[in-house]
Structure formats: structure tokens, C-alpha cells
2 protein chains.
Amino acid sequence: MGVTKTHIFSVQQNDLAQAAKVLAHPARIAILEHISKQEACICNDLVDVIGLAQPTISQHLNEIKKIGLLKGTFEGKNLCYCIDQDRWMELQQAFHDFFSNINRNCC
Amino acid sequence: MGVTKTHIFSVQQNDLAQAAKVLAHPARIAILEHISKQEACICNDLVDVIGLAQPTISQHLNEIKKIGLLKGTFEGKNLCYCIDQDRWMELQQAFHDFFSNINRNCC
DNA sequence: TAGCTTTATCGTAATATTGCAATATAAGAA
DNA sequence: TTCTTATATTGCAATATTACGATAAAGCTA
């Protein structure tokens with residue numbers, strides 16, 4: 001066991017959970033916040049800013065990329081990771097909808 | 001080594017990540033959605049609706065309660081779990097802020 | 001009291017996540 | 001070509017998460 005039973009939930013529920021999982025680590029929050037403040041972003045930069053080892057940063061970037069929040073473009077030997085605006089707004093909307101559709105109830 | 005280095009991140013970053021972690025499971029999304037649709041909520045109800053075993057539901061409810069999103073009130077032998085409106089709006093704001101403070105950048 | 005119902009906790013197994021050292025890859029500089 | 005720099009991948013250890021059967025606790029009902 002220990003494996004999430006995704007099949008018993010809706011696509012929307014799984015998608016939102018998947019997105020939340022990417023945000024469920026302070027390093028990835030920090031990475032996204034940092035990238036959003038830059039004009040461009042070099043990964044090596046992140047190692048210093050975040051304070052985790054280079055392979056660890058690389059893995060976190062990959063998690064973020066997997067749900068489409070980052071676009072990476074090689075600029076020579078350097079890499080420019082940037083936020084995908086469309087996907088960003090898509091997730092923003094998904095979280096907004098989730099938080100909005102809650103009724104005032106008992107207690 | 002498998003343990004998140006929370007101390008190198010800000011309180012805000014850790015808090016948001018912690019909240020996201022609770023939403024990072026479709027069962028907990030489903031539980032919150034279901035509770036929000038009810039006037040009251042009995043846990044036994046959730047076992048049927050969600051489709052996970054009773055101890056598993058109980059554990060998920062506990063995770064949600066830990067970040068203050070649920071208030072539980074015993075009504076005799078039954079339990080009424082309800083969403084804490086204040087905390088809900090607090091997290092809604094936190095996610096809203098996070099998603100809003102992203103600059104348009106390169107690529 | 002004894003039995004029933006509801007929820008919590010314990011124990012355990014399977015799997016996932018986090019982190020990093022070592023190493024690989026790839027592209028520019030000398 | 002060799003050296004350097006930047007990023008990715010591999011392998012592994014430590015820890016966390018997910019799930020559930022068994023059982024406990026607590027409050028009804030008869």
C-alpha cells in the first residue's frame with residue numbers, strides 16, 4: 001500500500017492535488033518566487049540563493065517543470081528557466097475556484 | 001537525507017508549503033469539497049462518499065485539522081466536522097498573494 | 001448491564017519524497 | 001584538444017506518506 005488511489009477521484013481533484021504537491025515544499029515556493037523576480041534565471045544562481053545542493057535544486061526544478069509551470073531555454077551553456085504565464089494563470093484559477101466554492105456551513 | 005530543510009526558508013514560505021501539502025492529496029480535496037456542500041457532516045458519511053477505509057479517512061481529517069481548516073464538534077456519538085471560515089479565508093488569501101506576485105518575465 | 005455504532009489509535013507494509021556525493025553530459029574558453 | 005563551468009542523472013540513505021486490519025474508546029439503545 002502507501003500508494004494514492006487516484007482512480008477513485010475526479011480528474012479535477014487529482015489535478016489540483018498534483019499542483020498542490022508541487023507547491024508543498026518551501027524550496028519550490030522559494031524557487032518560483034525567485035524566478036518571478038528576475039528578468040532571466042540561471043540555475044547556478046539558485047544554488048546560492050536557496051541554499052541547497054545543485055542536484056537537489058535540479059530535482060526541484062524538474063518537479064516544477066513536470067506540471068508545466070516552467071519553460072527552460074538553453075542560452076549557450078547557461079539555462080534560462082522562466083515561468084509559463086498561461087499555466088500559471090490556469091493553476092491560479094484552479095486554486096481560486098477551489099477556495100471560492102466553499103459554502104458557509106454549521107458550527 | 002529525506003528531511004525537508006525548513007530552517008533555510010522563511011516562515012511564509014514554510015506556511016504556504018505546509019498548507020499546500022494538505023491540499024496535495026485528492027482525498028483531502030474531495031473531503032473538503034464534500035464537507036463544504038453539507039450543512040453538517042458525519043465522518044461515517046465520508047467513508048461511503050470518498051471510498052477509503054475509515055481509519056484512512058480519520059487520518060486525512062486529522063491532517064486537515066492540523067492546519068486549522070476544520071473544527072470538529074461532537075454531537076453525541078456523532079461528530080460534526082466543519083470548515084473554519086477564518087482559516088479558510090486566510091489560506092485563500094495566502095494562495096492568492098502567491099499567485100499574484102509573479103512578474104511577467106523573459107522567454 | 002450488554003450490545004451496537006461511530007470515531008480514534010496502533011501497528012505495519014508499501015511506496016514516495018528529500019537530499020546529496022559522485023559522476024555524466026554538454027557547451028564555451030584557452 | 002584540454003580545461004572550466006553549468007546542469008542533469010545515478011545511486012543511495014533517511015524520513016515521510018498512504019493505506020488498512022485490528023483494536024480501543026466513548027456514547028447511545030435496549
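These numbers come from a predicted model, not from an experiment. No hydrogens, no waters, no symmetry mates; every other heavy atom, side chains included, goes into these values. So that the names make sense, note that chain A is the first sequence line, chain B the second, and so on, each numbered from 1.
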Margin query: Rounded to whole Å, please give me the gap between CD in B:Gln54 and P in D:dT18.
Written below: 17 Å
Item checked: Within residues 55-63 of chain A: residues closer than 4.0 Å to DNA chain C (heavy atoms) -> A:Pro55, A:Thr56, A:Gln59, A:His60
Checklist line | All side chain to side chain donor-acceptor pair (under 3.5 Å) counterparts of A:Gln93, not counting sequence neighbours | finding: A:Asp97
Margin query: Tell me if a side-chain donor or acceptor on A:Asn14 pairs with a main-chain N or O of A:Thr6 at a distance below 3.5 Å.
Written below: yes
Check: For the pair made of CG in A:Leu46 and C1' in D:dA8, what is the distance, rounded to whole Å?
Finding: 15 Å
Margin query: Tell me the interatomic distance from A:Asn44, atom CG, to D:dT7, atom P, rounded to whole angstroms.
Written below: 5 Å
Check: Taking the nucleotide of DNA chain D with the closest heavy atom to each, which residue, A:Asp45 or A:Phe9, is nearer the 5' end?
Finding: A:Asp45
Notebook entry, point to check: How about B:Leu16 and B:Leu91: do any of their side-chain heavy atoms sit closer than 4.5 Å?
Noted result: no
Next item on the list: Look at the side-chain N and O atoms of B:Tyr81 and state whether any lies under 4.0 Å from the OP1 or OP2 oxygen of C:dA8.
Entry: yes
Margin query: What is the distance, to the nearest angstrom, from the NZ atom on A:Lys66 to the P atom on D:dA8?
Written below: 14 Å
Item checked: Pairing residues for B:Phe9 by the ring-ring contact (aromatic ring centres under 6.0 Å, His included) criterion, not counting sequence neighbours -> none
Next item on the list: Take the protein atom CD1 of B:Ile50 and the nucleotide atom C1' of D:dT18, then report the distance between them rounded to whole Å.
Entry: 15 Å
Check: Taking side chain as C-beta onward, heavy atoms only, is B:Ile67 less than 4.5 Å from B:Arg87?
Finding: yes
Checklist line | Check: B:Leu32 and B:Leu23 side chains under 4.5 Å, non-hydrogen atoms | finding: yes
Item checked: Residues that A:Asp45 engages under side chain to side chain donor-acceptor pair (under 3.5 Å), provided they are two or more places apart -> A:His34
Next item on the list: Starting at atom CD1 of A:Ile64, determine the distance to atom C1' of C:dT18, rounded to an integer number of angstrom.
Entry: 14 Å
Notebook entry, point to check: Do any of residues 11-26 of chain A sit with a heavy atom less than 4.0 Å from DNA chain C, and if so which?
Noted result: A:Lys21, A:His25
All N/O donor-acceptor pairs, side-chain side in residues 47-65 of chain B, below 3.5 Å, sequence neighbours left out:
{"from": "B:His60", "atom 1": "ND1", "to": "B:Arg28", "atom 2": "NH1", "distance (Å)": "3.0"}
{"from": "B:Glu63", "atom 1": "OE2", "to": "B:Lys66", "atom 2": "NZ", "distance (Å)": "3.2"}
{"from": "B:Lys65", "atom 1": "NZ", "to": "B:Tyr81", "atom 2": "OH", "distance (Å)": "3.0"}

Checklist line | Whole angstrom value for the distance that separates C1' of D:dC20 from CG of B:Leu52 | finding: 10 Å
Notebook entry, point to check: Using the benzene-type ring in the case of Trp, are the ring centres of B:Phe98 and A:Trp88 under 6.0 Å apart?
Noted result: yes
Note to self: Using the side-chain heavy atoms of B:Val3, tell me which of these nucleotides is nearest: C:dA8, D:dA19, D:dA16.
What the structure shows: D:dA16
